[in-house]
Each structure stands twice: as C-alpha cells, then as structure tokens.
**Q** 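For reference, the structure I am asking about is given below.
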Protein chains: 2
Amino acid sequence: MTTMPGAVSGDRALPLRERKKLRTRRALADTALRLFLDRGFHETTLDELVEEVEVSKRTFFRMFQSKEDVAMAAELELWDAYVAEVAARELHGPVLDFLKQALVAAVTGLGEEWDRSFLATRGLIARTPVLWDRSLLHSVTVQSRLVAELETKLGVDSRQDVRVRLLGELSLAAWRCAVKNWISGRGYDGPSPMEKLGRWKGPGGSKVLIHRVEEAFDAVPDSLTLAAP
Amino acid sequence: MTTMPGAVSGDRALPLRERKKLRTRRALADTALRLFLDRGFHETTLDELVEEVEVSKRTFFRMFQSKEDVAMAAELELWDAYVAEVAARELHGPVLDFLKQALVAAVTGLGEEWDRSFLATRGLIARTPVLWDRSLLHSVTVQSRLVAELETKLGVDSRQDVRVRLLGELSLAAWRCAVKNWISGRGYDGPSPMEKLGRWKGPGGSKVLIHRVEEAFDAVPDSLTLAAP
DNA sequence: TGTAATCTGCCACTGAGGGGCAGTTTAAGT
DNA sequence: ACTTAAACTGCCCCTCAGTGGCAGATTACA
C-alpha cells in the first residue's frame, strides 16, 4: 500500500531480486486462489495458472512445493508468523497460556487484508478434500517447529519430556477446533445471537476468530475431566 | 489358486469373493513392504509392484487409495481396530481413560504378527518423508471418526461442545508421542537400562509400545500445568 | 564495464492415478 | 444344472503434477 501500482507490502530494503520473487509469489497465490474459487481446484490445471501469471511451470515450483500449497498461502503465512512469534516472545508462566497468546498475536499481526484471503482459503479448503488433508498436515507439522523453540526456551529435551510435545499438539488441536467453530459461523457465544446485529455475516472477521481461539484454549483443562456417568 | 498355499487367516464364512479380495490385498501389502524396504519407496514403481503380485494397476487402485497407503497397511489396520474398539466398548468414567484403554486393547488385539510388520512399517516411514506425512495425516483423520463415536455415546453435539473434539485430538497426540518414544528405543523408563538385558533390541515389541501409550496418556494432565519461572 | 553467480524459460520425461470398455467370475433365480 | 444379472478384473489410453537439463537472461559484485 505505498503508492506504486503493483507494489507489495514488501520491505523496501530487500535485495531487489528477493522483492521480485515476492511479487511473483504473491501474484501466483492471488490468482491461484481466484481461479480455484472460480473453476474449482481440480478443474484448474497448473498450466492454466502459470499461463495467467505469465511464469513458467518451472518457476512455479521454485516458489511453492505443490499445487496444494499455493492455494493455502495464507495459512502458511500464519504458521510462519506463529513460529516467529513463539521464538520472539519471552516465556514465563504457564506454557499453554504462552502458546495461546502467541497464536493470538500472530493472527492479530497479519492484519485486515490477510483475514479476508484466509477466509476465502478456508472456504476453498472446506469443499476440497485434498486441500483439507494438506491443511491438516501443515497444522500438525507446525507442532515440531513449535517444540523446537520451546525446547531451547525451557531447556528441556523433548525426547525425555513428553509434556513439551503434548503441549505443542494441544496448541494446534485447539487451533483446529477454533477454526471449525469459526467457519461453522455461530455468533460470539452459543448459536448465533450476534448475527442478528448484522455485524458478522458468516464466520466474521479475525476478531471473532481470535475469540474462538481463546475459547478453545480455555476449554482444554475442562476436557480432561469430561466423564460419562 | 483355490487350494492355496498362501492361505490367509480369513474367516472362512465370508462371501468367497471377499476372501479373494482380502488375499490379494494382503499379498499387495506384504510384497509392497518388502520391495519398499529393499529398494526404497521412490525407487520402486507401482508397475514393478503389480508385476510381482500379478495384478493390474487398475486392480491395485481398487484395493488402496494411493501408493502411500499400501506401505502403511499395518497402521490402517490399527486405526480400524481402534475405532471398532471405541464403538464396541461401553463408556463410563473419565473419557480420556476410556480412550486410552480402547487404544491399548486395539493394539493388544492385533497380535504378534502385526507388531512385527508394524515395526517394519515404522522403519520405512522414518526414512521416507512422504510416508511420514501420510501417517501423520491418517492419525489426525482418525480423530473425527473417534469423535463421531463419542458423540453418540455421550449424547452431546461436538459442534456445541469443544471438549469432545479436544479429547479426540488429545488421544491421537498421545499416540504420536508414544510411537516416537517407542521408536527412539529407550528402555522401559528413562534412557535404556533394559537394553542391557538384551531383551529389547531396538524399540521392542508391542508390550513396550503399550507401555509407551499408557505413559503418554498419563502425562497429559501434567503437561497442562507445565510452566516456566 | 566485465564477470561470476543466480535465476528464468523451454523442452522432454517419468510416474501416479483415472475412465472406458470388453471379457470373466461369482451370486442369485428357476 | 442352466440362465441371468451383477460385480469384478484386465488392458489400453489419457491427463497432469512434478523433475532434470540446458541455454539464455538478469542481477550482484569487483
């Protein structure tokens, strides 16, 4: 959002070659999402995509690891932000709280533009099993990155201490629950009271998402005690 | 091949067509594992596999959804057994305990022959990233099957109650931790005291695996309280 | 300005996975 | 036992994701 026509919100200090790279990456992600939403994921071939963006297929695969990944660029952004946030913050107090706050901060930090394309992405994922699987996989994979950070911060070895790894898993489990509830589109608490205000049609923005995240994290302790008569 | 040398432990009561199906399925899984361990996953093509088993590639894809799946037949067996176990048992008391016991029962029920091929499978998975991803994905996917069972048993709606879904996730998270520790091959408690007895070389059998599972489940409550100073 | 490193485009190739059709085996009816 | 309907298998052909190689362009650097 500087005044340039095709300017990306990229740090102007970058080696220029990197900026170009980022620009095409951005272009690929955007048009990919547009095409996939329009014609469907399987109905769109990579050749059509790279045709539209005017890049070679070879270049595409230098930017993204797979056809699935380019559809979920927004989600990948989030994971990078999350891990970075965990790495940057200093850790004191309950680790689960720490993980919650870091995730909330990551979502907040990505801004307004992000949550629109993330919502679109989730819509696409919801009706494309292959993407659903990939998304799931990514979320599970972040766990190991998280654990690596936590290990250095806590000074424990995760191979000795199961708890650290479990916390990583828990954090992502909470995230998945949060997103599910977000998409299902209920209002703030309980089934859709807020929708009447017309402020949130559908899932709502990242404000609501953040609320869902906190909700899910806070529900973790309770779930352990859940019992049948 | 009617009076079959390689008779499977198949229920003789099955519709006969099903038995044939099971036999080729079994043959595919076994030789696939053998070939993959021998030459490597990517180095073995499907054409070579179906050549060896003497089936058409078309038939292969009627048995397994992908090349990855045939390598992890043992794991898929476990997940079916787990879900079946959860469905069969009646639920009372703490749900997390219930899930633990059902998983233990599932592993136990699969028997001696299974844990050998499962161990081999895990070895293959460990050195094949693609398979690692798939395995991870399967474990996460089981969660939704689990939750579906729990919902009917508890009579709650998982869309209202986050706790049920979290329990599903927790149970699989514990499983993944358990397997990691099992593979890492330490002895019963702490770093390898039992190995000196020569009773468990490497990870050890399903006895040890079960111990690891219980260990991981029991560590869940503790992990929540984990805190940094 | 020259030069070395890096990136891109193009081309050809492998291999997974699926669709269609014809032939065969099994289950069910009489 | 014989026939009919349904399900299964084999075979050939196709699409398309993803890779490696090489030549040409671009950028960083001296």
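Note that these values count all heavy atoms, side chains included, but never hydrogens, waters or copies made by symmetry. The sequence lines fix the lettering, A, B, ..., with proteins before strands; numbering per chain opens at 1.
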**Q** May I have the distance from B:Lys57 (atom NZ) to D:dC14 (atom C1'), rounded to whole angstrom?
**A**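 About 11 Å, once rounded to whole Å.
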**Q** Taking for each residue the nucleotide of DNA chain D bearing the nearest heavy atom, is the 5' side occupied by A:Phe41 or by B:Thr24?
**A**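 The residue closer to the strand's 5' end, by nearest nucleotide, is B:Thr24.
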**Q** Is the shortest side-chain heavy-atom distance between A:Trp182 and A:His211 below 4.5 Å?
**A**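 Sidechains of A:His211 and A:Trp182: no contact.
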**Q** What is the distance, to the nearest angstrom, from the CZ atom on B:Phe60 to the C1' atom on D:dC8?
**A**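 Distance check: B:Phe60 CZ to D:dC8 C1' gives 17 Å.
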**Q** Kindly compute the distance separating CE (A:Met63) from CZ (A:Arg58), expressed to the nearest 0.5 Å.
**A**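 Rounded to the nearest 0.5 Å, the CE-CZ separation comes out at 12.0 Å.
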**Q** Less than 3.5 Å between a donor and an acceptor, one on the side chain of B:Arg58 and one on the base of C:dG18, is that the case here?
**A**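 For B:Arg58, whose side chain was compared with the base of C:dG18, there is no donor-acceptor pair (under 3.5 Å).
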**Q** Distance only, no hydrogens: is a donor on one side chain within 3.5 Å (strictly under) of an acceptor on the other, for A:Arg176 and A:Asn181?
**A**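 No, no side-chain donor-acceptor pair sits under 3.5 Å.
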**Q** Please report the distance, rounded to the nearest Å, between CE in B:Met63 and C1' in D:dT9.
**A**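 Atom-to-atom, B:Met63 to D:dT9, this comes out as 9 Å.
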**Q** Under 4.0 Å: is that the gap between some side-chain N or O of B:Thr59 and OP1 or OP2 of D:dG10?
**A**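 Answer is yes, contact under 4.0 Å.
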**Q** OP1 or OP2 of D:dT9 sitting under 4.0 Å from any side-chain N/O of B:Lys21?
**A**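 No, no such contact exists.
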**Q** Expressed in angstrom and rounded to an integer, what is the separation of B:Leu28 atom CG from D:dG10 atom C1'?
**A**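 Spelled out: CG on B:Leu28 to C1' on D:dG10 is 14 Å.
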**Q** Return the OG1 to CZ distance between A:Thr141 and A:Arg134, rounded to the nearest 0.5 Å.
**A**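 A:Thr141 atom OG1 to A:Arg134 atom CZ measures 8.5 Å (nearest 0.5 Å).
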**Q** Does C:dT26 have OP1 or OP2 under 4.0 Å away from a side-chain N or O of B:Lys20?
**A**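 Affirmative; the distance criterion is met.
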**Q** Send over the distance from A:Glu43 CD to D:dT15 P, rounded to a whole Å.
**A**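 The distance from CD of A:Glu43 to P of D:dT15 comes to 16 Å, rounded to the nearest Å.
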**Q** Report the distance from atom CZ of A:Phe61 to atom P of C:dC10, rounded to the nearest whole Å.
**A**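 Value for this atom pair: 16 Å.
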**Q** How many Å lie between NE2 on B:His42 and P on D:dA17, as a whole number?
**A**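 So the two atoms are 19 Å apart, to the nearest Å.
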**Q** Can you check the B:Asp47 CG to D:dG10 P distance for me, whole Å?
**A**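 Taking CG of B:Asp47 and P of D:dG10, I get 14 Å after rounding.
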**Q** Side chain of A:Arg62 only, please: which of D:dG10, D:dA17, C:dG9 is the nearest?
**A**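 Nucleotide nearest to A:Arg62's side chain: C:dG9.
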**Q** So, are A:Arg26 and A:Glu113 salt-bridged, with charged N and O less than 4.0 Å apart?
**A**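 A:Glu113 and A:Arg26: salt-bridged.
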